[in-house]
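The block underneath contains the structure these notes are about, expressed in structure tokens.
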2 protein chains.
Amino acid sequence: MATMKDVAKAANVALSTVSLALRNNPRVKESTRRRVLEVARQLQYRPNGIARDLKTRRTETICILLHDLGGPFYSEIIRGVQDIATSKGYNTIASGSLGGRNGSAVRLLSERRVDGVIVLAPDVDDETIVTAAGPDLPVIVLDRELTADYVYSVRVDNEQGGYQVTKHLLELGHRRIVFISGPADTLDSELRYRGYVKAMKEFSAPESKRFDYMGGFTEEGGYVVGKVMSAQPILPDAVFASNDEMAIGLLKAFSEKGIRVPDDVAIVGFDNIRIAEYVQPPLTTVRQPMYEMGSVAAQLLFQALAGNFELQPVRLATELVVRQSSQRRDTSVTA
Amino acid sequence: MATMKDVAKAANVALSTVSLALRNNPRVKESTRRRVLEVARQLQYRPNGIARDLKTRRTETICILLHDLGGPFYSEIIRGVQDIATSKGYNTIASGSLGGRNGSAVRLLSERRVDGVIVLAPDVDDETIVTAAGPDLPVIVLDRELTADYVYSVRVDNEQGGYQVTKHLLELGHRRIVFISGPADTLDSELRYRGYVKAMKEFSAPESKRFDYMGGFTEEGGYVVGKVMSAQPILPDAVFASNDEMAIGLLKAFSEKGIRVPDDVAIVGFDNIRIAEYVQPPLTTVRQPMYEMGSVAAQLLFQALAGNFELQPVRLATELVVRQSSQRRDTSVTA
DNA sequence: TCGAAAAATAAAAACGTTTCGATTTTGAAC
DNA sequence: GTTCAAAATCGAAACGTTTTTATTTTTCGA
């Protein structure tokens with residue numbers, strides 16, 4: 001593989017001249033520039049980005065670190081990040097956080113392979129993030145409670161979302177509303193629950209015992225809950241599943257038992273994943289501003305990259321999306 | 001930011017000793033090793049991956065280059081790649097191909113920032129790939145007809161898929177089957193069409209004129225086609241949309257016009273995206289072995305990385321997924 | 001106690017760039 | 001033909017590692 005040195009030799013010119021010529025520095029005469037370029041082409045010279053990065057101490061690349069690179073859930077966020085980064089002339093790479101101590105996450109976070117990182121990966125621990133962050137590696141954390149130097153957070157207001165959903169159901173006349181939480185340790189689920197409680201209190205509705213299902217935000221999880229629930233003698237008025245996947249599982253279980261949604265029981269989810277619109281009945285849910293989250297994160301990152309380290313956390317509002325799975329209940333029927 | 005030099009100075013030891021100590025080389029005495037590690041910790045030393053990569057001339061990172069990083073479509077492929085890479089101790093990064101001449105694609109492909117690349121991005125031209133590929137940068141191309149040194153291809157047998165679908169419809173008694181193609185230049189669409197033609201010939205069915213809709217594989221595109229089609233005096237027996245998104249758009253348009261699927265007209269798609277299972281009626285489609293595609297690609301890449309450059313192109317089989325949107329037609333009704 | 005082998009450490013040369021100060025070349029003005 | 005500033009080119013150091021070779025220190029048998 002040809003290097004600048006080879007080009008320099010072949011073109012009978014100094015190494016430094018080649019460097020300058022290749023980058024169109026006006027200090028080199030037009031004629032030599034052309035000669036150098038021609039020789040470079042002939043030798044199939046390709047710049048070595050790594051050497052350049054080492055020398056310039058910048059990579060012009062930012063990274064978004066996701067738990068599972070493959071998740072469809074992330075599409076919009078990535079798009080948001082990418083749009084901003086591209087407009088700044090930066091490159092975006094995405095990486096999965098799997099792999100533990102010597103996984104990609106650590107490599108990217110601590111080994112200066114990128115200029116900044118956006119983290120949306122619950123399995124990367126705070127410690128790793130805090131020690132990695134610094135004046136020359138700002139980190140934006142998404143959906144995470146964490147304050148530290150050079151670490152900035154962007155969060156979706158999950159509590160507000162939980163409140164919106166619950167209030168919506170209450171206003172429709174539902175009273176006995178069950179909340180299905182996600183995996184135990186999920187902050188998101190917990191916050192949505194808080195919103196739920198807040199609304200229930202406001203309406204002084206009989207706060208139903210939280211249905212603590214620890215199945216991990218999956219359709220299967222929701223399905224199992226649905227089966228259990230439909231075996232009980234009495235159904236709640238409505239079920240608030242803390243994400244859409246679970247809500248869809250519920251829907252499936254109920255449909256198999258002949259329980260009609262929303263006539264017999266209303267169901268709402270959270271996230272507004274694409275399928276929510278297509279299931280029967282279409283699912284009422286909460287949209288999280290994904291694209292915005294990505295683009296806000298990227299904007300913060302570039303602020304920090306530009307040397308502005310005084311940045312406040314950002315919290316984004318959610319939006320209730322009403323579809324047919326929630327519906328007015330004849331109030332005379334409710335408790 | 002502390003470097004090895006700083007650590008060496010502070011620990012009163014040579015630079016090289018620090019390097020050896022940090023990598024647990026047995027040539028350094030246990031006691032000095034501990035001392036060095038301790039000093040490194042105190043100084044918050046972080047290795048500079050770029051410097052290391054430059055020196056070792058390997059990054060232990062492979063890259064998957066996608067057209068649009070955000071596409072949900074890619075999830076499984078990435079997962080396939082990642083699983084293999086992780087098992088080999090390599091890191092995987094993903095990058096979008098947007099950005100033209102000085103975009104990420106070029107940076108990654110030609111500037112030695114990764115050890116190998118998997119490309120699934122129609123907008124990256126062959127030229128770029130061919131010139132980038134070499135003994136120290138093998139490239140795997142997905143769903144692309146391209147043969148060159150150090151470039152290896154993995155493709156899904158789109159023609160077979162088109163054949164499967166069409167044969168399925170024909171066997172159900174449909175005869176007047178319309179094919180809706182995607183954007184003009186798409187090889188995938190073209191191949192699916194060839195499979196369609198092959199099956200139609202075999203059954204000597206009246207090969208319907210191909211419905212050349214150039215709308216770009218989107219739901220909106222399918223919707224428009226659906227509107228146009230339903231305005232015609234006579235409907236075909238079945239429609240083969242060259243991807244699911246368009247099929248879903250069709251479904252929507254037909255449903256608005258009161259055209260029943262599959263009773264009035266059968267619809268099939270291609271790709272087996274997740275929503276296909278949830279639309280009404282659930283969509284018959286063709287599953288592409290995405291995960292397998294990713295993992296096969298990664299395996300080829302590692303073969304090449306190991307110095308084995310004699311690799312044959314791989315073609316993967318598709319699988320027909322029959323759901324309710326296609327259904328037996330009473331043969332007496334057909335032409 | 002000596003000296004050689006073994007163990008530990010140190011020194012130096014890369015890797016392929018960028019960049020800055022130094023040097024050479026050019027050519028216009030005298 | 002000099003002279004001199006401007007223009008062009010060059011040389012060398014540096015970025016932070018790894019790795020090979022050289023040097024110093026330790027160990028230990030005779």
Side-chain angles (χ1 to χ4, degrees), chain A residues 1-37 39-40 43-61 102 107-108 110-115 134 136-137, chain B residues 1-37 39-40 43-61 102 107-108 110-115 134 136-137:
Chain A
M1 180 93 281
T3 72
M4 279 192 177
K5 209 166 162 185
D6 304 323
V7 176
K9 205 166 292 172
N12 244 324
V13 77
L15 180 54
S16 49
T17 305
V18 175
S19 176
L20 295 174
L22 288 175
R23 324 216 283 91
N24 295 328
N25 187 309
R27 275 175 62 182
V28 354
K29 198 169 31 172
E30 177 59 18
S31 63
T32 35
R33 195 181 70 86
R34 268 208 300 274
R35 186 156 44 90
V36 168
L37 258 50
V39 172
L43 296 185
Q44 301 208 55
Y45 167 74
R46 304 253 175 281
N48 182 320
I50 295 188
R52 159 186 295 198
D53 291 346
L54 175 60
K55 186 62 198 177
T56 61
R57 321 180 70 172
R58 281 179 312 129
T59 62
E60 307 214 303
T61 299
N102 43 15
R107 277 169 60 85
L108 285 163
S110 80
E111 301 193 352
R112 332 221 134 297
R113 263 176 250 265
V114 292
D115 293 350
D136 41 30
L137 189 81
Chain B
M1 179 92 284
T3 72
M4 279 193 176
K5 210 166 162 185
D6 303 322
V7 175
K9 204 167 293 173
N12 243 323
V13 79
L15 178 56
S16 50
T17 305
V18 175
S19 176
L20 295 173
L22 288 175
R23 323 217 282 93
N24 295 329
N25 187 308
R27 274 175 63 181
V28 356
K29 200 169 27 174
E30 177 58 20
S31 64
T32 35
R33 195 180 71 86
R34 268 207 299 274
R35 185 155 45 90
V36 168
L37 257 50
V39 171
L43 295 184
Q44 301 209 54
Y45 167 76
R46 302 252 177 281
N48 182 319
I50 295 187
R52 159 187 293 202
D53 290 348
L54 176 60
K55 186 61 198 177
T56 62
R57 323 181 69 172
R58 282 178 311 131
T59 61
E60 306 214 304
T61 299
N102 42 13
R107 278 170 59 86
L108 285 163
S110 80
E111 300 193 352
R112 330 223 134 295
R113 264 176 249 266
V114 291
D115 293 349
D136 40 31
L137 189 81

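Residue numbers begin at 1 in each chain, while the letters A, B, ... track the order of the sequences. Keep in mind that the numbers below use all heavy atoms, side chains included, and drop hydrogens, waters and symmetry copies.
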Quick check: any donor-acceptor pair below 3.5 Å linking the side-chain of A/Lys55 to the base of D/dA14?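 Side chain to base: pair present.
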Describe the nucleic acid contact of [X] in one word from base, sugar-phosphate, nothing, applying a heavy-atom distance below 4.0 Å.
{"X": "B/Ile50", "value": "nothing"}
{"X": "B/Thr3", "value": "sugar-phosphate"}
{"X": "A/Arg27", "value": "base"}
{"X": "B/Arg46", "value": "sugar-phosphate"}

Any side-chain N or O of [X] under 4.0 Å from OP1/OP2 of [N]?
{"X": "A/Ser16", "N": "D/dG11", "answer": "no"}
{"X": "B/Arg57", "N": "D/dT18", "answer": "no"}
{"X": "B/Thr56", "N": "D/dT17", "answer": "no"}

Pick the nucleotide of DNA chain C nearest each of A/Leu54 and B/Leu15; which residue has the one closer to the 5' end?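 It is B/Leu15 whose nearest nucleotide is closer to the 5' end.
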Which comes earlier along DNA chain C counting from the 5' end, the contact point of B/Thr17 or that of A/Thr17, where each point is its nearest nucleotide?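 On the 5' side of the pair lies B/Thr17.
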Is it true that a side-chain atom of A/Arg35 and a backbone atom of A/Ala11 form a donor plus acceptor pair closer than 3.5 Å?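 Answer holds: yes.
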Report the C-alpha separation of B/Thr59 and A/Arg113 in whole Å, then their side-chain angles, then the decisive distance to 0.1 Å, and conclude whether the side chain to side chain donor-acceptor pair (under 3.5 Å) test is met. CA-CA 10 Å; B/Thr59 61; A/Arg113 263 176 250 265; over 6 Å; no
A/Lys5: which residues meet the side-chain contact (heavy atoms from CB on, under 4.5 Å) condition with it, sequence neighbours left out?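 Applying side-chain contact (heavy atoms from CB on, under 4.5 Å) to A/Lys5 gives A/Thr3.
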Which atom names give the shortest non-hydrogen contact between [X] and [Y], and what distance separates them?
{"X": "A/Val28", "Y": "A/Ala21", "result": "CG1-N, 3.7 Å"}
{"X": "B/Leu22", "Y": "B/Leu37", "result": "CD2-CD1, 3.8 Å"}
{"X": "A/Val36", "Y": "A/Val13", "result": "CG2-CG1, 4.2 Å"}
{"X": "B/Leu15", "Y": "B/Met4", "result": "CD1-CB, 3.4 Å"}

Is the number of heavy atoms from other residues, nucleotides or ligands under 6.0 Å of A/Gln44 CD greater than 12?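 Incorrect, the count does not exceed 12.
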Contact boundaries of DNA chain C with chain B (under 4.0 Å, heavy atoms), 5' to 3'?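 Boundary nucleotides touching chain B, in 5' to 3' order, are C/dA8 to C/dG16.
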How large an angle, rounded to 10°, do the end axes of the helix from C/dT1-D/dA30 to C/dC30-D/dG1 enclose when each is built from five base pairs?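 The helix from C/dT1-D/dA30 to C/dC30-D/dG1 shows an end-to-end axis angle of 60°.
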Would you call A/Arg112 and A/Asp53 a salt bridge, using N to O less than 4.0 angstrom?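 No salt bridge links A/Arg112 with A/Asp53.
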